[in-house]
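Next up is a structure, given as structure tokens.
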Amino acid sequence: MSVALVQPLGRPGPATTYDPSPVEAVMARARAAQKIFAEADQEGADAAVRALAWSLYKPEHARELAELAVADTGLGNVADKIRKKQRKTFGTLRDLLRGRSVGVIEHDREKGLVKYAKPMGVVGAVTPSTNPGATPVNKAMMALKGRNAIVVAPSPLGYRTTARVVELMRNELTSIGLPADLVQILPDPVTKDSTETLMKLCDLVVVTGSQDNVRRAYSSGTPAIGVGAGNVPVMIDETADLDAAAEKIRDSKIFDNATSCSSENSVVIVDAVYDEAITALERAGAYLCTPQEKARVQDKLWVKGKLNRDLIARDADVLAKAFELSPKAEGKAYFLVEEDGVGKEHPFSGEKLALVLTVYRAKDFAAAKERVREILDHQGRGHSCGIHTTDMDRARELAEDLDVVRVLVNFAHTFGNGGGFNSGLGFTLSMGCGSWQKNSISENLSYRHMLNITHLVTPIPEDKPSEEELFGPHWKKIGHEEAGR
């Protein structure tokens with residue numbers, strides 16, 4: 001069959017017809033492989049997960065894929081991509097091996113409920129150019145933990161890297177006697193049409209990347225999990241350890257040249273320690289731009305209102321030269337720009353995907369909290385924010401009052417938000433932002449989102465309260481005469 005063409009990415013021209021048969025062929029192979037794998041026990045599912053993890057964690061593979069990703073996309077740097085691939089994969093493997101996904105996964109005797117995990121079928125995974133190696137493996141591990149198959153629709157920019165990591169995953173599956181077709185990639189070139197066909201044919205869509213793809217997934221008619229855009233603001237209050245905060249912000253901001261959606265984009269500093277905090281940030285490797293330099297950064301980093309593809313996720317020395325910064329910026333890790341506004345007319349208040357951190361001064365904690373709220377309302381609402389403080393009451397206040405899924409306290413944000421060995425959040429490369437960004441989940445993506453659950457229900461002692469227990473408070477409000485009617 002054929003359908004009307006939705007114009008392929010990067011190929012303007014007259015409408016033609018689109019042949020979905022290559023995607024249908026991929027799906028047929030995935031379904032055949034998944035039918036076999038659906039009979040695996042927990043040990044078999046975990047063996048598959050270990051195999052996928054090793055395909056990326058293996059040092060020579062991590063390096064090869066990191067080098068390939070940087071060469072193809074120009075985003076990030078090799079050393080950090082190696083670290084990301086191994087750290088995320090190791091942490092995800094830890095989490096997955098600690099959970100059950102086959103047979104009985106929960107038994108609540110008090111309620112008489114037994115829960116059985118079942119596969120969903122074939123997962124369609126849309127992955128971004130910022131993580132063309134790590135994200136496909138991360139999602140594949142979660143999918144196969146639930147005895148599903150997975151088909152990856154990668155960003156065209158990262159296709160070569162994703163194709164190579166899919167090849168490595170397939171090889172590892174074959175080495176332990178499992179069907180290679182449990183993991184596949186859409187044929188090249190990946191277009192909007194082929195991606196939409198996958199979305200319609202699979203059993204669950206999981207999208208990390210552009211919000212356009214997230215919206216397409218939700219309108220595909222298939223159950224979908226999409227994640228939201230980041231624009232993380234963090235606060236430094238007057239109780240914080242300034243040097244510790246500065247070092248954590250630096251380590252997080254510069255990681256993989258700020259490609260992570262969890263990378264800090266703004267820091268809001270209370271007035272009482274503003275100057276000292278700026279000094280601490282500079283001591284930790286930041287360069288504070290002058291007003292004139294800030295203007296040049298803005299002119300270069302945005303072109304016609306959009307981020308400059310040639311400058312995002314680039315090394316600091318490349319940016320310093322492009323921004324024509326003072327020689328004092330030489331050797332600095334990243335760049336600070338002071339800002340006092342939020343919104344479209346203040347581009348520094350949004351996500352930058354570059355080694356540029358916006359700095360705001362706030363009168364006190366209350367004003368800082370409102371500034372963080374403004375930033376999130378402009379961009380990134382639902383995603384996350386952070387605070388550097390020794391006053392946990394303030395951290396709790398942020399968690400109670402702000403529309404975000406995650407509030408991190410005294411963290412290098414990038415290393416805690418998507419799971420960490422000192423963070424209770426599960427390891428993931430896909431973070432749900434709740435209804436605030438029209439996402440279906442308000443937590444970190446995990447294998448539990450890729451399971452169907454059967455509930456076995458058995459009788460329990462009757463649990464039926466009296467009318468007085470349930471309606472009594474209301475009856476008192478409306479009066480006994482009304483209640484008796």
| task | Would you check if Leu336 and Tyr287 make a side-chain contact, meaning some heavy-atom pair closer than 4.5 Å? | result |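 Heavy-atom side-chain distance check fails, nothing below 4.5 Å.
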Under the salt bridge (Lys or Arg N to Asp or Glu O under 4.0 Å) test, which residues partner Asp317, sequence neighbours left out?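 With sequence neighbours excluded, Asp317 shows a salt bridge (Lys or Arg N to Asp or Glu O under 4.0 Å) to no residue whatsoever.
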Is there a donor in the side chain of Thr127 and an acceptor in the side chain of Thr135, or the other way round, less than 3.5 Å apart?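 Side chains of Thr127 and Thr135: no pair found under 3.5 Å.
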Discussion item. I'd like to know if the side chain of Thr259 pairs up with that of Asp256 as donor and acceptor (distance under 3.5 Å, no hydrogens or angles considered).
Written reply: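 Looking only at side-chain atoms, Asp256 and Thr259 do form a donor-acceptor pair, the distance falling under 3.5 Å.
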Using a strict threshold of under 4.0 Å (side-chain N to carboxylate O), is an ion pair present between Glu67 and Arg63?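 Looking at Glu67 together with Arg63, the answer is yes, because their closest N to O distance falls below 4.0 Å.
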Is it true that Asp80 and Lys84 have a side-chain N and a carboxylate O under 4.0 angstrom from each other?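 So Asp80 does not pair with Lys84 through a salt bridge.
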- Which pair of heavy atoms, one from Arg100 and one from Ile105, lies closest together, and at what distance?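 Closest heavy-atom pair between Arg100 and Ile105: O-CG2, 3.4 Å.
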Check: Quick one: CG on Leu429 to OG1 on Thr89, what's the gap to the nearest 0.5 Å?
Finding: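 Output value for this atom pair is 8.0 Å.
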Under 3.5 Å, is there a donor-acceptor pair linking the side chains of Thr390 and Thr239?
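Yes.
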- Is there a side-chain contact between Arg406 and Phe411, using heavy atoms and a 4.5 Å cut-off?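 In short, these two side chains do not touch, never coming nearer than 4.5 Å.
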By salt bridge (Lys or Arg N to Asp or Glu O under 4.0 Å) - contacts of Asp391 (at least two apart):
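Testing Asp391 for salt bridge (Lys or Arg N to Asp or Glu O under 4.0 Å), a comparison that skips the adjacent residues, returns Arg394.
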Hydrogens and angles aside, do Asn444 and Thr428 bring a side-chain donor and acceptor to less than 3.5 Å of each other?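 Side-chain D/A pair, Asn444 to Thr428: absent.
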Q.
Can you see whether Tyr274 engages Glu338 through a side-chain donor-acceptor pair at a distance of less than 3.5 angstrom?
A.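 There is such a pair between these side chains.
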Answer whether the closest heavy-atom distance between the side chains of Leu56 and Leu65 falls below 4.5 Å.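 Contact flag for Leu56/Leu65 side chains = yes.
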### Message
Taking the side chain as everything from C-beta on, heavy atoms only, tell me whether Val268 gets closer than 4.5 Å to Val234.
### Response
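Side-chain contact under 4.5 Å: no.
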Check: Do the side-chain N and O atoms of Ser349 and Gln379 include a donor-acceptor pair separated by under 3.5 angstrom?
Finding: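 Looking only at side-chain atoms, Gln379 and Ser349 do not form any donor-acceptor pair under 3.5 Å.
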Can we say Glu247 and Arg250 salt-bridge, meaning some charged N sits less than 4.0 Å from an Asp/Glu carboxylate O?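 No, this pair does not count.
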>> I'd like to know if the side chain of Asn77 pairs up with that of Asp315 as donor and acceptor (distance under 3.5 Å, no hydrogens or angles considered).
In response: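 No, Asp315 and Asn77 have no side-chain donor paired with an acceptor closer than 3.5 Å.
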Quiz item: Would you call Asp46 and Lys145 a salt bridge, using N to O less than 4.0 angstrom?
Solution: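 Yes, charged N to carboxylate O under 4.0 Å.
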Can Thr358 and Glu339 be counted as having a side-chain donor-acceptor contact under 3.5 angstrom?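 There is no such pair between these side chains.
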